[in-house]
Amino acid sequence: MGFLTEMFARPRPQERLRYRAALALLHSMSNADRADIGIKPADFPRVAREMSLR
């Protein structure tokens, strides 16, 4: 039973937190800002993954 408790009690990896923060940042940008840097909403997951690895 200790194994199951440990498995669910572990903290999330830092990449997951950075990925969520990057995704939130991309969603908060205005359409004009997105057009300036050439990012479309379909690219958000890929860009957020790249941002979280840095």
Side-chain angles (χ1 to χ4, degrees):
M1 189 63 144
F3 171 74
L4 289 176
T5 304
E6 180 184 337
M7 186 172 74
F8 291 112
R10 287 186 183 160
R12 290 184 173 169
Q14 289 296 324
E15 299 103 27
R16 172 77 73 178
L17 296 174
R18 289 193 301 252
Y19 174 77
R20 287 178 179 236
L23 205 55
L25 176 74
L26 291 170
H27 279 287
S28 69
M29 293 172 67
S30 69
N31 288 336
D33 290 336
R34 291 182 200 145
D36 284 344
I37 58 176
I39 294 179
K40 295 180 180 162
D43 298 330
F44 285 1
R46 178 186 55 80
V47 172
R49 262 193 286 350
E50 290 173 359
M51 289 172 67
S52 68
L53 294 175
R54 292 182 186 172

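Treat the numbers as computed from the prediction; the structure is a model and nothing was measured.
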Decide yes or no on side chain to side chain contact (heavy atoms under 4.5 Å, CB included) for Met51 and Leu25, but give the supporting numbers first. CA-CA 11 Å; Met51 289 172 67; Leu25 176 74; 3.9 Å; yes

Atom CD1 of Ile37 and atom CG of Leu26: how far apart are they, to the nearest 0.5 Å? 7.0 Å

Between OG on residue Ser30 and CG on residue Asp36, distance to nearest 0.5 Å: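 Going from OG on Ser30 over to CG on Asp36, the span is 8.0 Å.
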
Considering all heavy atoms, the nearest Tyr19-Ala48 contact: CE1-CB, 3.5 Å

Would Phe44 and Met29 show up in the same hydrophobic cluster when neighbours are defined by side-chain heavy atoms closer than 4.5 Å?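 Same cluster: Phe44 reaches Met29 through Ile, Leu, Val, Met, Phe, Trp or Tyr contacts under 4.5 Å.
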
Which is it for Arg34 and Asn31 under the side chain to side chain contact (heavy atoms under 4.5 Å, CB included) test, yes or no, and what are the steps along the way? CA-CA 5 Å; Arg34 291 182 200 145; Asn31 288 336; 3.0 Å; yes

